[in-house]
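Read the structure below first, then the notes.
Heavy atoms only: backbone and side chains are in, while hydrogens, waters and symmetry mates are out. Throughout, protein chains are lettered first and strands after them, A, B, ... in sequence-line order, and every chain is numbered starting at 1. A quick note: this is a predicted structure, and the numbers were derived from the prediction, not measured.
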Amino acid sequence: MIYPFKEIERRWQEIWEEGKIFNAKPDPVRKKYYLLEMFPYPSGRIHMGHVRNYTIGDVASRFKMMQGFNVLHPMGFDAFGQPAENAAIKNKSHPAAWTINCINQMRKELKAMGFSYDWEREVSTCLPEYYRWNQWIFLKMFEKGLAYKKAAVVNWCPDCETTLANEEVIEGKCWRCKKEVIQKELEQWFIKITEYKERLLEDLDKLKDWPERVLTMQRNWLGKSQGVEIYFKEKETGEVIPVFTTRQDTIFGATYIVLAPEHPFVRKIIKGLPREKEILKFIDKVSKETSLERTAAGLKKEGVFTGRYAVNPVNNEVMPIWVADYVLMEYGTGAIMAVPAHDQRDFLFAKEHKLPMRIVIRPAGQNLKSAEELTGAYEGAGTQVNSGEFDGLDNQEAKSRIAEWMEKTGTGKITVNWRLRDWLISRQRYWGTPIPVIYCDKCGIVGVPYENLPVELPEDVRFTGKGGSPLNQVKEFVNAKCPKCNAAARRETDTMATFIDSSWYFLRFCSPKFREGPFDKKEAAYWMTVDQYIGGIEHAVLHLLYSRFFTKFLKDLGLLDFNEPFQRLLTQGMVLKDGEVMSKSRGNTVDPDAIISRYGADTLRLFILFAAPPETELEWDEKGIEGAFRFLNRVWRIRENLAEKADMDLARTMHKTIKKVTEDIREFKFNTAIAAIMEFVNAIYQSAADREVFSRLIIMLAPVAPHFCEELWHGLGNKESVFKAAWPEYDPALLVEDQVTVVVQVNGKVRAKIEVPSDIRDEKLRELALGDEKVISWMQGKSPKNCIIVPRKLVNIVV
RNA sequence: GGGCAAGUGGUGGAAUGGCAUACACGAAGGACUUAAAAUCCUUUGGCCGUAAGGUCGUGAGGGUUCAACUCCCUCCUUGCCCACCA
């Protein structure tokens with residue numbers, strides 16, 4: 001017989017919703033627990049990745065609830081973004097209609113999984129009641145000078161006529177139309193996240209319960225590097241060319257200088273030179289290249305000599321100034337000193353263009369003399385040579401000595417360089433939060449007054465995909481009055497990147513309907529911080545970095561009293577099929593809905609948790625689903641054969657299981673928790689469960705298979721939800737065994753097992769082990785040299 | 001090129017210094033059945049052996065230890081992230 005999952009799941013979903021048992025209210029007496037999973041982009045249907053993410057969170061949430069915590073477990077939709085607009089262009093519809101449709105569909109599917117969300121707190125970022133607070137926060141940043149406008153080189157898709165975020169550029173091409181992305185200089189809005197770089201780096205040390213992997217990725221992204229800015233002078237004019245390096249110990253090996261093609265200095269120094277035309281042609285060629293072409297392979301480095309020379313401040317050597325594509329304007333000063341003997345890129349370039357090399361660091365134990373011997377740059381540590389007064393020093397020592405020398409002589413300055421750039425947030429797109437500023441000919445850039453928020457998106461808009469942002473065509477939107485002088489003015493038509501929306505949504509969940517600000521300070525003080533955050537590793541840098549930044553900014557505004565939003569972070573692994581990531585483009589997806597209608601949500605949840613630990617990849621297995629279904633039916637049948645009283649052995653197994661399951665769920669080891677429950681069920685089949693044993697089994701399984709267990713729980717005559725039942729405690733006294741099996745090894749190999757009283761003394765245990773027949777025969781008459789005893793576990797006799 | 005993670009039966013995985021392969025899938029056999037399905041029970045790492053038992057075995061090689069899947073070193077493979085970052 002198969003248990004009637006369809007009817008059961010539908011019924012309990014309704015009862016839970018009507019009973020509002022998952023709706024959260026602050027309660028100063030109980031300990032709060034805020035559990036959050038990354039909210040989805042409403043693309044239409046939920047996929048297995050969502051199912052996995054949200055199932056993991058749901059089990060943790062229900063478990064905490066049963067342990068007596070006051071749990072906040074909200075859900076919402078990250079609803080702005082390009083796909084809705086693309087769909088609108090394709091279907092000749094409206095992004096809002098498309099998005100609302102998707103949200104309704106996804107909400108229905110999430111409910112069909114039986115997730116324990118407080119749906120009264122649902123937020124959608126595309127609603128004015130939400131995005132007005134994006135605008136509010138933006139204006140606060142604008143006031144503090146953290147939001148600013150500047151000309152910048154950005155990714156631009158010529159077909160879609162819009163800027164693209166870096167993540168929207170796949171292998172140098174537009175993710176939508178596959179057209180090659182070009183670089184274009186445009187006036188854009190930026191947020192000065194760099195102002196917070198030190199705090200963003202330092203506070204990473206506080207995040208003890210984040211995966212090391214994510215912390216490393218954030219550190220790399222911030223990219224703090226200590227070095228020296230060295231002032232080289234142009235030979236003729238004496239004009240200073242600053243160069244950033246982390247390897248000032250190699251400065252005596254510098255044989256030429258390279259400027260990035262975009263470097264403003266280049267045009268200046270070549271003016272009037274015979275090579276001017278050739279160089280300009282080169283610069284033009286490089287600037288036309290896509291970033292993909294420019295960085296492709298990384299081997300072919302092109303460049304030209306400018307005809308000018310620079311002077312090395314440490315030895316007054318004169319060296320040629322080159323322009324080359326391998327130097328980037330965005331990093332450092334856009335200029336480098338090239339040390340071909342000790343930098344692989346410089347090495348390749350020098351070989352190509354027959355530039356000189358000089359060894360200045362000698363590796364220990366090797367006698368590198370001439371640069372001709374080199375087959376590649378030596379980038380390791382060693383002793384200074386050919387380095388004037390610094391000869392003979394260890395290069396680490398020389399690093400600090402040379403830096404000091406430069407500070408003293410004014411030829412350089414100790415500097416810290418960061419990789420982190422300011423955050424480009426403007427998009428020439430309709431479906432996003434309008435940037436709340438107005439351009440006035442007299443007053444300049446003026447923020448929209450707070451009382452006029454939200455600046456709402458106009459609804460009557462045509463979506464053609466051509467001619468830039470559709471907002472430009474809406475006269476009623478563009479034409480505005482200057483808030484300061486009331487003169488006719490122009491409204492900003494760029495919208496915000498959607499990462500803004502998700503940078504603070506976890507705060508909105510604390511008071512989703514609050515009207516006086518982005519969130520109620522009191523509510524946030526109660527619920528925040530997020531105790532457990534769960535989501536994909538793909539957000540390791542962007543979303544998680546932006547959210548950390550927003551939190552710090554809002555703290556500085558006095559709205560929060562903590563620095564970090566997420567206490568613990570779990571990054572769940574991907575769902576694979578046949579060893580490949582499940583994805584639409586591969587066409588190897590499995591539709592959760594189909595599984596639900598065939599086996600029920602509880603079976604799907606059970607399989608997904610049992611098949612692998614949360615952080616690792618999960619291989620989809622149709623047979624595994626059947627196994628999970630079979631197990632639930634096996635539990636279902638127990639209720640028909642309950643005994644008056646279970647025997648002592650089963651009671652003992654139960655307490656052991658309670659201990660194991662409680663510890664495992666606490667540590668998110670759901671697969672082994674389920675394995676322990678399965679063993680317990682096998683033990684029940686070997687004996688017989690009574691009411692009490694069965695009740696506890698149901699409670700332990702309830703977070704994993706909620707509808708199923710709720711039904712069984714009520715079948716036992718309980719009136720309240722199983723999720724109001726207390727999580728079972730185990731009796732430590734019952735876990736103590738009087739007899740234990742001790743393994744006896746001879747020279748580290750298991751040779752015998754002996755049953756002994758658990759409180760046996762070491763000497764007695766040793767005596768018993770040495771007296772064992774098998775042990776005696778394996779010792780072959782030799783006397784024991786050593787005897788290691790691990791109480792209650794093992795004896796190892798060394799002969 | 002750099003960083004991180006991983007590598008265990010036919011498969012997903014368990015064990016984080018102390019009995020390698022828990023639990024599940026798959027496979028084989030049995031019970032029930034006129035039969036099948038379902039269910040319940042048993043067996044299931046390789047090799048040698050009728051068996052008792054022996055022996056090998058956690059990507060490869062070395063090391064530490066009474067004892068290593070686990071710790072250290074070198075290498076190989078795979079996956080992910082970053083990347084002309086000076």
*Any salt bridge between A:E198 and A:K224, counting N to O under 4.0 Å?*
yes

*Looking only at atom C1', what distance separates B:U55 and B:G2, rounded to whole Å?*
45 Å

*Measure from the side chain of A:K301, starting at C-beta and using heavy atoms only, and say which of B:C81, B:A86, B:C84 lies closest.*
B:C84

*asked:* Using O4'-C1'-N9-C4 for purines and O4'-C1'-N1-C2 for pyrimidines, with syn meaning within 90° of 0, is B:G57 syn or anti?
replied: anti

*Between B:A20 and B:C69, how far apart are the C1' atoms? Round to whole Å, please.*
7 Å

_My understanding is that a pair needs two contacts under 3.5 Å, Watson-Crick or G-U wobble. By that rule, which nucleotide pairs with B:G7?_
B:C76

_Could you check whether A:F499 and A:W423 have their ring centres less than 6.0 Å apart?_
no

*With P as the reference atom in both, quote the distance from B:C4 to B:U74 in angstrom, rounded to an integer.*
13 Å

*Give none if B:U64 has no partner; otherwise give the nucleotide forming a Watson-Crick or G-U wobble pair with it, both distances under 3.5 Å.*
none

_A:D343 CG - B:A83 C1' separation (whole Å)_ = 14 Å

*asked:* Output the rounded distance in Å from CG (A:N633) to P (B:A37).
replied: 18 Å

_Which nucleotide in B:C66, B:C84, B:A83 has an atom nearest any side-chain atom of A:L328_ = B:C84

*asked:* Apply side chain to side chain contact (heavy atoms under 4.5 Å, CB included) to residues A:L420 and A:L545 and explain how you reach the verdict.
replied: CA-CA 11 Å; A:L420 182 73; A:L545 188 72; 4.1 Å; yes

*Taking atom C1' in both B:A6 and B:U16, compute the distance separating them and give it to the nearest angstrom.*
15 Å

*Which letters describe nucleotides 13-33 of chain B, given B = protein heavy atom under 4.0 Å from base, S = only from sugar-phosphate, - = neither?*
SSS--BB--BBSSS-------

*OP1 or OP2 of B:C41 sitting under 4.0 Å from any side-chain N/O of A:Q686?*
yes

_Mate of B:U44 where both pairing distances stay under 3.5 Å, Watson-Crick or G-U_ = B:G26

*Between A:I638 (CD1) and B:C40 (C1'), how many Å, whole number?*
14 Å

*May I ask you to decide if A:A688's main-chain N or O and A:Y685's side chain share a donor-acceptor pair within less than 3.5 Å?*
no

_Quick check on RNA chain B: between A:T333 and A:Y685, whose nearest nucleotide comes earlier from the 5' end?_
A:Y685

*Give one of base, sugar-phosphate or nothing for A:F631, where a contact means two heavy atoms less than 4.0 Å apart.*
nothing

*asked:* Measure CD1/A:I537 against P/B:G3 and give the value in whole Å, please.
replied: 18 Å

*Residue whose nearest RNA chain B nucleotide is more 5′ - A:E379 or A:K774*: A:E379

*asked:* Rounded to whole Å, how long is the line connecting atom OH of A:Y256 with atom P of B:A86?
replied: 16 Å

*Quick one: label A:R751 by what it contacts on the DNA or RNA (base, sugar-phosphate, nothing), any heavy atom closer than 4.0 Å.*
sugar-phosphate

*In the structure shown, which nucleotide is the Watson-Crick or G-U wobble counterpart of B:U58, with both distances under 3.5 Å?*
none

*Write down the distance between CG (A:N220) and C1' (B:C80), rounded to a whole number of angstrom.*
14 Å

_Heavy atoms only, 4.0 Å cut-off, all strands: where does A:W778 land among base, sugar-phosphate and nothing?_
sugar-phosphate

*asked:* Using atom C1' in both nucleotides, what's the gap between B:A14 and B:U64 to the nearest angstrom?
replied: 26 Å

*Can you name the residues that form a side-chain contact (heavy atoms from CB on, under 4.5 Å) with A:N417, not counting sequence neighbours?*
A:S225, A:F244, A:Y331

*For atom NZ of A:K399 and atom P of B:A86, their distance in whole Å*: 10 Å

_Rounded C1' spacing from B:A15 to B:A22 in Å_ = 8 Å

*Hunt down the Watson-Crick or G-U wobble partner of B:U33, both distances under 3.5 Å, from any strand shown, or write none.*
none

*Whom does B:G17 pair with, Watson-Crick or G-U wobble, provided both distances fall under 3.5 Å?*
none

*Base-pairing assignment for B:U50 (Watson-Crick or G-U wobble, both under 3.5 Å)*: none

*Could you check which of B:A83, B:U39, B:C80 has an atom nearest any side-chain atom of A:R213?*
B:C80

*Flag side-chain contact, heavy atom, 4.5 Å: A:V51 against A:I595*: no

_OP1 or OP2 of B:C85 versus the side-chain N and O atoms of A:R421: is any pair under 4.0 Å?_
no

*With a 4.5 Å heavy-atom cut-off, do A:V795 and A:Q745 have their side chains touching?*
no

*Find the distance A:Y3:OH to B:A38:P and express it as a whole number of Å.*
18 Å

*Salt-bridge test for A:R358 and A:E317: reply yes if a basic N is under 4.0 Å from a carboxylate O, no otherwise.*
yes

*Determine, for A:K301 against A:D346, whether the closest basic-nitrogen to carboxylate-oxygen distance falls under 4.0 angstrom.*
no

*Taking atom P in both B:U11 and B:G45, what distance in whole Å separates the two?*
13 Å

*I would like to know whether A:L697 and A:F680 meet side chain to side chain contact (heavy atoms under 4.5 Å, CB included); could you show each step before the answer?*
CA-CA 8 Å; A:L697 167 66; A:F680 182 37; 3.8 Å; yes

*Same-atom distance (C1') from B:A27 to B:G10, integer angstrom*: 9 Å

